[in-house]
Amino acid sequence: MKLLNRKLFRDISHNWAQFMSVFLMAALSIIVFVGLQGAWHGLQESLNSYLTKNNLPNYWIQGSYITKDDKSKLKDISGIKKLSFGTRLQVKQDNHYLIIDSFQKPLIKLYRVKGEKYNSQSENGIWINKEYARAHSLKVGDNLSLTYTNQNLHLKVRGIVQSPSRIYFTGTQEFIAPNYSNYGYAYVSPKALRKVFNYKGPQNIVEIDGKHKNFRKEIEKIFGARLLTYYNRHTLPDVSTAIERVGEIKNLSYMFSFIFLLLAILAMYTTIRRLITSQTEEIATLKALGFSNFRIQIHYASFGLLVGSLGTIVGALVAPLISWYVLSSQKNMFSLPSWQVSYSFSAWMVMILVILICVFSAYLAARSGSKGVPALYLRGNEETKAKKIWLEHWKNLWKHLPYSGRWAIRDAFINRTRTLMGIIGVAGGMMLTIAGIGMPQSMTHLVDKAYNTDFSYNKRLYVNNYESYSRTHPQAKQWVQISQAHFSPDDGYNRLLIIVDKGDYVNMKTTNGMGIKNGGLYVTQGFAKRANIKKGDNLKVRTFGSNKQYSFKVKGIITTETNQGAYITAHTWQKAKGFYQPTTLLVGKNYKYHKQDINSTISINEQKKNAYNFVNSLMSIFALIIIFGALLIIIVLYNLGSLSFVEKMRDYATLRVLGIHKRELRRLTLIENLITTFIGWLIGIPAGIWFLGQYVKTFSTINLEYTRYYNWETIVIASLFVWICSLSTTLFISRRIKNIDMVQALKGVE
């Protein structure tokens, strides 16, 4: 055994390039899968721990007001455990906005970052969320000046908090990412609400713990026209976005890692096979010295065990850095008190899988190389049996092909396994490259399309009284009313009904390129897919705040990614006698208005910047995938080229002895590689486009529908990268032809 052990380490030192190749592939496989897995599983554990400890409700309701009878009926619903009733207001702090909640006995437990614990008996205190306080340099003990219904109020900051119901707080549905520079949330006691705010109105919000099979139906019966919003954990964006992000990174982890592992397995197997195939004479010598086939196979399997184990260990050590890198990219998006990296059982399974692949690759290669008589192995490799391929039967075509082309085609068909591995390697490389480039493009395209094409206003103005403002400002044209609505049929979730008046600022198109017109309802593509709604269907709709149900024919499916729901013109809605009291006015750059007439404003540039912040939070993940994908492609193609060279070394030597020049031999190598790369490239383009679609789909939510976007630049850049990698490895390997030892390569030729 000492001889075999010494030989093992000698093999490693003499075949350092092959050893490092397998080592890197094993390490990269672990880094990618375990790194991404640690991120999503860690985020999941962080969320679960936070939400469980701080009593996240199951349902949130907002009504115009809540009566004692409402409270009694809610308590009587089966499955409902606890209820917390409170009041919600919106106030101004300078030119910023705070959503203020007030509970006597809050259902949730606010996480205290600094200062005092929330006190429902405080008469002059306010608890501000951590991110808003940081954005505006607010500290515990500061006096906060607020404006509410033309009153100037002053409250002392008693504490800095985080709420489990506000993990992904955007302040308004017009933003798709947190915007703490303009929006925050806070808590005050009922006493402060009455004393400082002089609020004498009713309670209007309910937080509910418990579960019921059809709670939406029950609360619609109880509240009727007084119901303004209803959310559960799957539909409240402040919570659901965080939960969905876990699923997004999880799906990304499995999808990308699956392709990555397949190519990594291919690279590891071919490298180990190439290494052992090149040692047939040493295997024969060991057999001649009396070593059994089993001992030889175990010896080479130990090479796989060593390189696989070392790669796995290094990968496992580096993977937490990737996990923290991915998690850190999400910290600006989500409000969590603590973040942790965590791994599940599947991480250990992949580690074991990578080691086993290395061991069995080495074992199988050694097993095939240890069979036979030592004397025959010492003569050289076995001869390959020549067979006619099907293309040779087309004599008119075959005889017109140049010799180099015929040789390359025949070799590719005879060595089908090697050729297939090359095609898979190139196709896989194209898939990863198209997805890596196409995903950021798709995300950026969503923002550009939403805020440059679908909408072209300069600002959204929010007014308190539509009738008064429209009378005094007849130039105001394009009003928009946004209401939460219950559609039937639907996908089980409430959606937005967006009622649009005449104007030039809403330009969304249907799947057949038409705009929104009078006479029917237009359903967004994401909603239509989930609810199986088609053009021509009849759709019933009841907006929250109304008891009346309306029925409209679906005139088209809108290709928009934001605000998933339905659009209808104001003319069609009013003709059906629907309630129309819009509060949003879309205006252009030159529209003049007085600040005292406007409750708040949002510019399209703010929305665009906010959306890009959201995209940028994911860019680091995409960049990581592109880098690892590029490394994988280079290693896979190099390994396949090296394997091909080793297997054809005798062929090259024979052709060289027959008078073929080295330049012609390099041309033969290039032609064969071109054939393999071309086929893999052709397969990889549609496969990459399909994979990009699946990849993008993992980020779609109830509220946002992502669609793949690619153009000729995507395909050209991906193609150039793969072709450059393929041709450069071919040129690099073909230079080794001049170093072939003719005597050694032609041993055993009779």
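Only a predicted model underlies this, so the values are computations on that prediction, with no experimental measurement involved. These values consider heavy atoms only, across backbone and side chains, with no hydrogens, waters or symmetry-generated copies.
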* Would you please classify the geometry between the Tyr695 ring and the Phe622 ring as parallel, tilted or perpendicular, with 30° and 60° separating the classes? =>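 The arrangement is perpendicular - the two ring planes meet at more than 60°.
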* Asked: Any idea how Trp723 and Phe678 line up, ring-wise: parallel (<30°), tilted (30 to 60°), or perpendicular (>60°)?
  ->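 Answer is tilted, since the angle falls between 30° and 60°.
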Distance-only, no hydrogens or angles: does the [X] side chain make a donor-acceptor pair with backbone N or O of [Y] under 3.5 Å?
{"X": "Asn711", "Y": "Thr714", "result": "yes"}
{"X": "Tyr168", "Y": "Ile176", "result": "yes"}
{"X": "Arg233", "Y": "Leu56", "result": "yes"}
{"X": "Ser617", "Y": "Ser329", "result": "no"}
{"X": "Ser49", "Y": "Ser46", "result": "no"}
{"X": "Gln484", "Y": "Tyr230", "result": "yes"}

Taking the side chain as everything from C-beta on, heavy atoms only, tell me whether [X] gets closer than 4.5 Å to [Y].
{"X": "Gln173", "Y": "Asn703", "value": "no"}
{"X": "Ile100", "Y": "Gln90", "value": "no"}
{"X": "Ile557", "Y": "Tyr522", "value": "no"}
{"X": "Ile604", "Y": "Gln607", "value": "yes"}
{"X": "Gln330", "Y": "Leu618", "value": "yes"}
{"X": "Tyr343", "Y": "Ser323", "value": "yes"}
{"X": "Thr707", "Y": "Tyr709", "value": "no"}
{"X": "His136", "Y": "Ile128", "value": "no"}

Got a second to check how far [X]'s [atom1] is from [Y]'s [atom2], nearest 0.5 Å?
{"X": "Tyr50", "Y": "Gln340", "atom1": "OH", "atom2": "CD", "value": "14.5 Å"}
{"X": "Asn58", "Y": "Leu236", "atom1": "CG", "atom2": "CG", "value": "12.0 Å"}
{"X": "Glu244", "Y": "Ile702", "atom1": "CD", "atom2": "CD1", "value": "5.5 Å"}
{"X": "Thr560", "Y": "Asp454", "atom1": "OG1", "atom2": "CG", "value": "4.5 Å"}
{"X": "Met619", "Y": "Met443", "atom1": "CE", "atom2": "CE", "value": "8.0 Å"}
{"X": "Ile249", "Y": "Tyr254", "atom1": "CD1", "atom2": "OH", "value": "13.0 Å"}

* Run the side-chain contact (heavy atoms from CB on, under 4.5 Å) check on Tyr612 and Thr444 step by step: do they pass? -> CA-CA 7 Å; Tyr612 277 124; Thr444 305; 4.0 Å; yes
* **Derivation and outcome, side-chain contact (heavy atoms from CB on, under 4.5 Å), residues Asn563 and Ile482** => CA-CA 10 Å; Asn563 293 332; Ile482 304 174; 5.7 Å; no
* Asked: Could you walk me through whether Asn507 and Ser456 pass the side-chain contact (heavy atoms from CB on, under 4.5 Å) check?
  -> CA-CA 8 Å; Asn507 311 303; Ser456 57; 3.0 Å; yes
* To do: Examine Tyr183 together with Tyr97 and report whether their ring centres are nearer than 6.0 Å.
  =>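 Ring centroids of Tyr183 and Tyr97 are less than 6.0 Å from each other.
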Got more than 12 heavy atoms from elsewhere within 6.0 Å of [atom1], [X]?
{"X": "Asn512", "atom1": "CG", "answer": "yes"}
{"X": "Asn599", "atom1": "CG", "answer": "yes"}
{"X": "Lys331", "atom1": "NZ", "answer": "yes"}
{"X": "Lys92", "atom1": "NZ", "answer": "yes"}

Examine the side chains of [X] and [Y] and answer whether a donor and an acceptor come within less than 3.5 Å of each other.
{"X": "Asn129", "Y": "Ser335", "value": "no"}
{"X": "Tyr493", "Y": "Arg495", "value": "no"}
{"X": "Thr559", "Y": "Gln525", "value": "no"}
{"X": "Asn251", "Y": "Lys697", "value": "no"}

Minimum-distance pair of heavy atoms, taken over all atoms of [X] and [Y]:
{"X": "Thr524", "Y": "Tyr567", "value": "CG2-CE1, 3.9 Å"}
{"X": "Ala450", "Y": "Thr562", "value": "CB-CG2, 4.3 Å"}
{"X": "Arg708", "Y": "Ile689", "value": "NH1-O, 3.1 Å"}
{"X": "Ala242", "Y": "Ile167", "value": "CB-CG2, 3.8 Å"}
{"X": "His96", "Y": "Ser181", "value": "ND1-O, 3.2 Å"}
{"X": "Ser163", "Y": "Tyr187", "value": "OG-OH, 3.2 Å"}

* **Residues forming a salt bridge (charged side-chain N to carboxylate O under 4.0 Å, His left out) with Asp101, sequence neighbours excluded** =>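 Partners of Asp101 by the salt bridge (charged side-chain N to carboxylate O under 4.0 Å, His left out) criterion, ordered by chain and then number, come out as Arg88, Arg166.
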* Given Tyr180 and Tyr132, is the ring-ring contact (aromatic ring centres under 6.0 Å, His included) satisfied, shown in steps? -> CA-CA 5 Å; Tyr180 294 113; Tyr132 184 84; 8.0 Å; no
* Asked: Should the pair Lys609-Glu606 be classified as a salt bridge under the 4.0 Å nitrogen-to-oxygen rule?
  ->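 Looking at Glu606 together with Lys609, the answer is no, because their closest N to O distance does not fall below 4.0 Å.
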* Residues forming a ring pair (Phe, Tyr, Trp, His ring centres under 6.0 Å) with Phe169, sequence neighbours excluded ->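 Phe169 satisfies ring pair (Phe, Tyr, Trp, His ring centres under 6.0 Å) with Tyr185 only.
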Indicate every side-chain donor-acceptor pair of residues 31-45 with a distance under 3.5 Å to a residue at least two apart or in another chain.
{"unit_1": "Gln37", "atom_1": "OE1", "unit_2": "Ser344", "atom_2": "N", "d": "3.3"}
{"unit_1": "Gln37", "atom_1": "NE2", "unit_2": "Ser344", "atom_2": "OG", "d": "2.1"}
{"unit_1": "Gln37", "atom_1": "NE2", "unit_2": "Ser346", "atom_2": "OG", "d": "2.7"}
{"unit_1": "His41", "atom_1": "ND1", "unit_2": "Ser342", "atom_2": "OG", "d": "2.9"}

* Begin with the C-alpha distance, continue with both residues' side-chain angles, and end with the deciding distance and a verdict on side-chain contact (heavy atoms from CB on, under 4.5 Å) for Tyr706 and Met439. => CA-CA 10 Å; Tyr706 293 99; Met439 192 64 191; 6.0 Å; no
